[in-house]
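Structure first, commentary second.
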Protein chains: 2
Amino acid sequence: MNKQALRDAGISPAKARIVAKAVDLFHEKGFERTTVRDIAAATGILSGSLFHHFKNKQEILYTAMAMTTRGMGERAEAAVAGISNPVEQLKALIICELSSIHREDGHAAYVLVDEWRSLDEASRDKVLALRDGSYEKCWMAALDGCDEQGLLKSPPKIARQLIRGALAWTRNWYRTDGDLTLAGLADEVTNSFLKP
Amino acid sequence: MNKQALRDAGISPAKARIVAKAVDLFHEKGFERTTVRDIAAATGILSGSLFHHFKNKQEILYTAMAMTTRGMGERAEAAVAGISNPVEQLKALIICELSSIHREDGHAAYVLVDEWRSLDEASRDKVLALRDGSYEKCWMAALDGCDEQGLLKSPPKIARQLIRGALAWTRNWYRTDGDLTLAGLADEVTNSFLKP
DNA sequence: CATAAAAACAAGCAAGCGCTTGGTTGTCAA
DNA sequence: TTGACAACCAAGCGCTTGCTTGTTTTTATG
């Protein structure tokens with residue numbers, strides 16, 4: 001998300017700075033083990049000052065997850081824009097998701113997977129609605145397209161979940177500085193779930 | 001793990017009872033959000049009494065993860081025992097892992113995936129060593145066997161990680177009471193990672 | 001330069017946390 | 001019956017937590 005988009009979403013530069021630091025800490029130690037004093041210190045302010053920007057600690061997490069979700073949605077839409085072949089769309093989306101996890105978003109995508117339990121139900125629903133409205137829409141369109149051409153091994157919804165799991169787990173083993181490139185990894189995944 | 005095996009591992013019935021309740025709570029709220037008072041109340045004792053059985057809160061988590069890892073290892077070994085065809089071994093292991101997640105272990109397998117960060121490094125290494133010694137050994141044997149016959153789509157190590165991710169994620173969407181059976185789900189996974 | 005709003009500080013409260021202590025109860029072998 | 005030990009209770013200590021309050025500093029605007 002660029003600066004103007006952030007402003008439109010009601011996120012001041014100060015908020016964005018705090019969230020960025022918070023995300024690193026959440027990734028490192030988890031939401032619960034990260035104290036507001038940790039976040040404040042990382043941002044260079046005192047802990048009480050955080051509550052001038054956020055009404056409570058959880059709102060920091062919500063803001064982070066909402067921002068990440070928006071960003072991933074925008075990038076997914078950009079990735080499939082202008083591609084009509086659903087197989088190519090799928091490939092683009094796989095690379096896009098891997099990039100979000102291992103490159104663009106730093107640790108934000110990790111937090112998005114790990115910290116659902118720390119969000120209250122209302123916030124959780126808001127983030128999920130955000131995700132379904134753009135990111136998941138792209139995925140299901142591509143997968144349905146592949147399925148209509150008989151190229152998908154599993155039903156689209158099952159394929160989506162299996163792929164999502166395989167991709168999310170890469171954060172536990174894949175290293176960008178190893179022998180396997182991101183594109184290579186994306187190929188392995190694509191080949192697994194599409195018919196030859 | 002049966003009662004005798006538990007005793008051999010130094011786990012009294014009281015400990016096992018506490019761990020079982022703790023696992024449910026860890027699954028529900030996470031390790032950090034679960035207090036020793038919660039665990040004690042669920043077991044029907046006072047919080048201080050927990051420390052007669054465990055030297056601290058983290059040891060409860062470690063015991064849970066070690067028990068689960070041992071149990072999954074035993075079941076994996078039993079699942080492939082007597083099977084020589086590596087493809088059949090792989091199928092058996094996939095069903096085995098799905099069963100651990102969705103059936104036998106209640107919520108223990110969830111905790112095993114989610115709460116690594118709450119474990120200190122020494123305990124983490126112990127659990128990992130336990131896992132590599134039996135559970136992962138079974139998996140790699142089966143996958144290497146498939147690969148030697150040219151049946152695997154990806155290199156064995158990559159396949160293992162992709163499969164693990166796909167399976168672990170099922171806990172976020174798969175329901176045992178839905179239309180898709182565990183065996184059916186296992187077939188979907190098998191078909192994805194093996195050549196036709 | 002004056003003024004108001006935004007941002008940060010300084011200090012600390014109330015609640016909840018993991019864990020300790022010292023004593024009581026229950027169990028069972030000798 | 002007695003002694004020994006494990007299991008548990010009752011009480012609370014010391015510390016950390018998220019958050020509040022009242023004040024001061026910084027920044028932006030006319």
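Just so it is clear: chains get the letters A, B, ... in the order the sequence lines come, proteins before strands, and each one is counted from 1. Note that this is a predicted model, so its numbers are computed, not measured.
Using a cutoff of 4.0 Å between basic side-chain nitrogens and carboxylate oxygens, Lys91(A) and Asp187(A) are not scored as salt-bridged. Salt-bridge formation is detected for the pair Arg160(A)/Glu136(A): a Lys NZ or Arg NE/NH1/NH2 atom is positioned less than 4.0 Å from an Asp or Glu carboxylate oxygen. Taking a cutoff of 4.0 Å between a charged side-chain nitrogen and a carboxylate oxygen, Lys57(A) and Glu115(A) do not qualify as a salt bridge.
Note that the CG atom of Asp114(A) and the CG atom of Asp114(B) stand 7.5 Å from one another [nearest 0.5 Å]. Separation of atoms CD1 (Ile18(B)) and CD1 (Ile39(B)) is listed at 9.0 Å; rounding is to 0.5 Å.
DNA chain C is contacted by Thr34(B), Thr35(B) of residues 20-35 of chain B, taking any non-hydrogen atom closer than 4.0 Å.
Atom CZ of Arg37(A) and atom C1' of dA11(C) are 11 Å apart (whole Å). For Leu46(A) and dG18(D), the CG to P distance is 15 Å, given to the nearest whole Å. Between Phe54(A) atom CZ and dG18(D) atom P the separation is 15 Å, expressed in whole Å. The CD1-P distance, from Ile39(A) to dA8(C), rounds to 15 Å in whole Å.
Listed for the Tyr174(B) side chain is a donor-acceptor partner under 3.5 Å among the backbone atoms of Leu182(B). With hydrogens and angles ignored, the 3.5 Å screen pairs no side-chain donor or acceptor of Ser123(B) with any backbone N or O of Leu119(B).
Contact annotation: Arg17(A) side-chain N/O to dA8(C) OP1/OP2 distance is under 4.0 Å. Remark: His52(B) is in phosphate contact with dA7(D), judged by side-chain N or O atoms under 4.0 Å from OP1 or OP2.
Taking the side chain of His53(A) as heavy atoms from C-beta on, and the options dC19(C), dA8(C), dG18(D), the nearest nucleotide is dA8(C). Considering only the side chain of Ile45(A), dA8(C) comes nearest among dC9(D), dG18(C), dA8(C).
Ring geometry for His27(B) versus Tyr110(B): interplanar angle over 60°, hence perpendicular rather than tilted (30 to 60°).
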Taking only N/O atoms, report every protein-nucleotides 20-25 of chain C pair under 3.5 Å with atom names and distance.
none

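Ile158(B) and Trp139(B) fall within a single hydrophobic cluster, where Ile, Leu, Val, Met, Phe, Trp and Tyr are joined by side-chain heavy atoms under 4.5 Å apart, directly or via other members.
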